[in-house]
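Notes follow the structure.
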Amino acid sequence: MNREKFQLQQYSIDAIIGKIQANDFVIPEIQRPFVWKKVQVRDLIDSLYRGYPTGYIITWKNPDIKTKDGELSRGRNILIDGQQRITALMTALARVEVMDSDFNKIRIKIAYNPIEHKLEVQDASHLRDKRWIPDISELFVPSFDSYTFISKYVESNPEVNPSDISQSITQIQEIRNRQIGVIELDNSLDIEEVNSIFTRINSKGAQLSQSDFVMSKMAADEKHGGNILRKVIDYFCHLAVKPEFYEILKKDKAFQKSDYANEIKWIAKKHQDIYVPGYGDIIRVAFMYSFGRAKLSDLVSLLSGRDFETREFKEEIIEDSYQKLEKGIRNFINENKFHQFILAIRGAGFISSKIIRSRTVLNFAYMLYLKLIDDPKIPKAQVKHYVQKWYVLSVLTGRYSGANESVLGRDIRSINEKGFLKFLEEAESSVLSNNFWNVTLPQNLEASITTNIAFNVFLAAQIRNQSNSLFMNGLSIADLVTVSGDVHHIFPKGYLMKNGIKNRGRYNQIANYTYLDPQINKVISDDAPNVYFGKIKDQIKHDNMTHIIHIIGNIKSLNELKKNLSGNAIPADIDSMTVADYDEFLQKRRKLMAHLIRDYYRSL
């Protein structure tokens, strides 16, 4: 018979906050980005105020670990689900600052109108209107003096009855006594069962990720230095977004005494937007690199000391796992390695976050860079070259779409077993056949959104080839991608719509897009290609006449025009095309774009 594997407890809000402050519930997420909207915080407080149910939180006590002397160690409770609600309570009632998605430190303040019994997210109007208490946390501090507070409130609002206000204040303060259900998972649960529960909880909604689970495990393990490693990850990610945070970081004296403080400070001075890692990225890369695995639930198991064969939990496995994880993290945050990896990605033409879509591919590529640097069979001078090829192959074929851990793990095993060069050779033979370049890739370019991965690789290829933008010498695609350019239609949208092509998916085909100087786009307006190309040819023909002014670009010869069209993968007969040729144009350009990408890949 299956027994219940949890206990259901009821804790007051006061008790929950106390347990967090006493570190009985480990919730490191308070120091990392808070994803709830402010109105969701208000809704939670309002539900508590009205006595409505607010769901459960779920905790799990670390499993019993067999130590070297045969004893069992017992850990603290780790929050499995409910961290957003807990963080909301901490910021609204206990005045804890949280980080928003941009790593700005904020307090979410909830205002209360004791006359109308209304709760709202604080704004400027609540500070002006004397009927509102701008921040309810004032009512929850231990030193709160209700008599003095009510006297001042009535003085500002003489029309109200002091007794009514007193009753209303008491009502809002009752929030501290509201009960929240806490499901405490049995500490004897098998780690796989906990992971199964975790997965089921997180099948819906934006709740704890496996990376959060790992971070919580680390924060709860001071014995093996997990709490320090968590800080390394948190601080590195924070500095990458907010370099000015370094002045605050310096106040963490305990962290400053560690080697890590000196190892991560460089990131505050090396701002770039190619790869701005989050804590999940660091954990993923470090795990894949050091453990040769990709399934993060396995890392939770290993940090818990699980022996996969005996299903026991052993101290020596925890120690070994933390040593490996530390090695992976140190490699990730290494200034030279990180910088050289970014140079590799930029060298492949991916010079802007605008054309980088898959974080999973970047993570795998960085892990690969770290592995190849260690590989004595790979010349150091060739490492960037191989990383570039694998990165582009992965993006182009959608190899890791959906962040599939099984595919990541399979590739790591294959690299470890066969060696990278053999693995790359087999992968190229398998997925980059002539049929891919001539059929599959042109079909993949049959889309209408500029986030299409094949289009982004096309732009990277143009950037690496140092291609000029259409009709321009000296203004490159790279300039337009990184500064102020945008894609525009080769067959103008207005022209196509006037001639019966009104379907957005038809006129917005990416094969009809090119990066173009905005001023040139204005001059072209809604002209047909044969019309505006005719104007350009007239400019070229009469270029030696002083009265001719270039109104479209600065191309000065037919050879320059031919080269310019080639660099933008535009058919040479575009100058004779009208709306009747639009479908033929799309087919021709997709093939030209695919061949440009093929030649680019082979040149890496």
d(Asn438 CG, Ser433 OG) to nearest 0.5 Å is 8.5 Å
Test side-chain contact (heavy atoms from CB on, under 4.5 Å) on Tyr400 and Asn363 and set out the steps.
CA-CA 10 Å; Tyr400 304 124; Asn363 287 339; over 6 Å; no
Between Ser429 (side chain only) and Glu425 (backbone N and O only), is there a donor and an acceptor less than 3.5 Å apart?
yes
Which donor-acceptor pairs under 3.5 Å do side chains of residues 503-512 form with protein atoms, sequence neighbours excluded?
| unit_1 | atom_1 | unit_2 | atom_2 | d |
| --- | --- | --- | --- | --- |
| Asn503 | OD1 | Gly505 | N | 2.8 |
| Asn503 | OD1 | Arg506 | N | 3.2 |
| Arg506 | NH2 | Asp583 | OD1 | 2.9 |
| Asn508 | OD1 | His489 | NE2 | 2.7 |
| Asn508 | OD1 | Tyr513 | OH | 3.2 |
| Gln509 | OE1 | Arg590 | NH2 | 2.7 |
| Gln509 | NE2 | Gly505 | O | 2.9 |
| Asn512 | OD1 | Ile490 | N | 3.3 |
| Asn512 | OD1 | Phe491 | N | 2.7 |
| Asn512 | ND2 | Phe491 | O | 3.1 |
| Asn512 | ND2 | Tyr507 | O | 3.2 |

Under the side chain to side chain donor-acceptor pair (under 3.5 Å) test, which residues partner Asn456, sequence neighbours left out?
none
Look only at the side chain of Ser469 and the backbone of Leu475, and say whether a donor-acceptor pair between them is shorter than 3.5 Å.
yes
Would you say the side-chain atoms of Ser125 and Asp123 include a donor-acceptor pair closer than 3.5 Å?
yes
Please check this pair: side chain of Gln40 against backbone of Lys37, looking for a donor-acceptor N/O pair closer than 3.5 Å.
yes
Tell me yes or no: between the side chains of Lys563 and Asn468, is some donor less than 3.5 Å from an acceptor?
no
With heavy-atom distances below 4.5 Å as the criterion, would you say the side chains of Phe455 and Ile449 are in contact?
no
Please name the pair of heavy atoms, one in Leu396 and one in Ile597, separated by the smallest distance, quoted to 0.1 Å.
CD2-CG2, 3.8 Å
Is there a side-chain contact between Leu596 and Leu592 in this structure, where contact means two heavy atoms from C-beta onward sitting under 4.5 Å apart?
no
Separation between NZ (Lys295) and CG (Leu408), nearest 0.5 Å, reads 13.0 Å
With a 4.5 Å heavy-atom cut-off, do Arg284 and Leu296 have their side chains touching?
yes
Hey, could you give me the CD/CG distance between Gln519 and Asn521, rounded to the nearest 0.5 Å?
9.5 Å
Which is it for Tyr515 and Leu470 under the side-chain contact (heavy atoms from CB on, under 4.5 Å) test, yes or no, and what are the steps along the way?
CA-CA 7 Å; Tyr515 263 87; Leu470 190 59; over 6 Å; no
Is any side-chain heavy atom of Arg413 closer than 4.5 Å to a side-chain heavy atom of Asn416?
no
For a quick test of reading the model, state the closest non-hydrogen atom pair linking Leu565 to Pro571 and the distance between them.
CD1-O, 4.3 Å
Could you work out, with ring-ring contact (aromatic ring centres under 6.0 Å, His included) as the rule, every residue matching Phe236, not counting sequence neighbours?
Trp266
Hey, which of Arg107, Arg42, Lys109 is the one that makes side-chain contact (heavy atoms from CB on, under 4.5 Å) with Gln122?
Lys109
Would you please test Ser414 and Asp411 for side-chain hydrogen bond (donor to acceptor under 3.5 Å, both in side chains) and show each step?
CA-CA 5 Å; Ser414 294; Asp411 282 355; 5.2 Å; no
Checking Asn452 side chain against Ala454 main chain: does a donor-acceptor pair fall under 3.5 Å?
yes
Return the minimal non-hydrogen interatomic distance between Asp526 and Gly494, and the atom names on each side.
OD1-CA, 3.7 Å
When you check the gap from the basic side-chain N to the acidic O, do Lys250 and Glu247 get nearer than 4.0 Å?
yes
If you compare all heavy atoms of Ile110 against all heavy atoms of Val41, which two are closest, and at what distance to 0.1 Å?
CD1-CG1, 4.1 Å
Between Phe423 and Trp390, how do the two ring planes meet: parallel, tilted or perpendicular, split at 30° and 60°?
tilted
Euclidean distance, Gln388 CD relative to Leu604 CG, rounded to 0.5 Å
5.5 Å
Please assess Asn336 against His339 for the test side-chain hydrogen bond (donor to acceptor under 3.5 Å, both in side chains), listing each intermediate value before the final yes or no.
CA-CA 5 Å; Asn336 183 60; His339 180 61; over 6 Å; no
When you look at NZ of Lys231, are more than 12 heavy atoms from neighbouring residues, nucleotides or ligands closer to it than 6.0 Å?
yes
Has the side chain of Arg293 got a donor or acceptor atom that lies under 3.5 Å from a matching backbone atom of Ser290?
no
Give, for atom CD1 of Ile536 and atom CG of Asn554, the distance between the pair rounded to the nearest 0.5 Å.
10.5 Å
Side chain of Ser352, backbone of Ile355: donor and acceptor closer than 3.5 Å?
no
CA sep, side-chain torsions, deciding dist, call: Asn499, Thr578, side-chain contact (heavy atoms from CB on, under 4.5 Å)
CA-CA 10 Å; Asn499 286 275; Thr578 65; over 6 Å; no
Any side-chain heavy-atom pair from Met367 and Ile412 closer than 4.5 angstrom?
yes
Any idea how Phe420 and Tyr386 line up, ring-wise: parallel (<30°), tilted (30 to 60°), or perpendicular (>60°)?
perpendicular
Whether Asp234 and Arg230 form a salt bridge (side-chain N of Lys/Arg under 4.0 Å from carboxylate O of Asp/Glu) is what I want to check.
yes
Evaluate whether atom NZ of Lys380 has more than 12 neighbouring non-hydrogen atoms of other residues, nucleotides or ligands under 6.0 angstrom away.
yes
Run through Lys270, Lys337, Gln272 and flag the one making a side-chain contact (heavy atoms from CB on, under 4.5 Å) with Ile342.
Gln272
salt_bridge(Glu335, Lys265) N-O dist < 4.0 Å
no
Just do the ring-ring contact (aromatic ring centres under 6.0 Å, His included) check on Phe332 and Phe341 with the steps written out, would you?
CA-CA 10 Å; Phe332 188 104; Phe341 171 67; 8.8 Å; no
In terms of heavy-atom contacts, Lys502 and Met497 come closest through CE-O, 3.4 Å
Is any side-chain heavy atom of Pro243 closer than 4.5 Å to one of Lys269?
no
Between Tyr495 and Pro529, the two heavy atoms sitting closest are CE2-CD, 4.3 Å
Show your reasoning for whether side-chain contact (heavy atoms from CB on, under 4.5 Å) applies to Val285 and Tyr369.
CA-CA 11 Å; Val285 173; Tyr369 176 83; over 6 Å; no
Check whether any side-chain heavy atom of Val457 lies under 4.5 Å from a side-chain heavy atom of Phe350, and answer yes or no.
yes
Using ring centroids (six-membered ring only for Trp), state whether Tyr366 and Phe338 fall under 6.0 Å.
yes
Once you round to the nearest 0.5 Å, how far does CG of Asp281 lie from OG1 of Thr360?
8.0 Å
Look at atom NZ of Lys591 and say whether more than 12 heavy atoms of other residues, nucleotides or ligands are closer to it than 6.0 Å.
no
Less than 4.5 Å apart, any side-chain heavy atom of Ile524 and any of Leu516?
yes
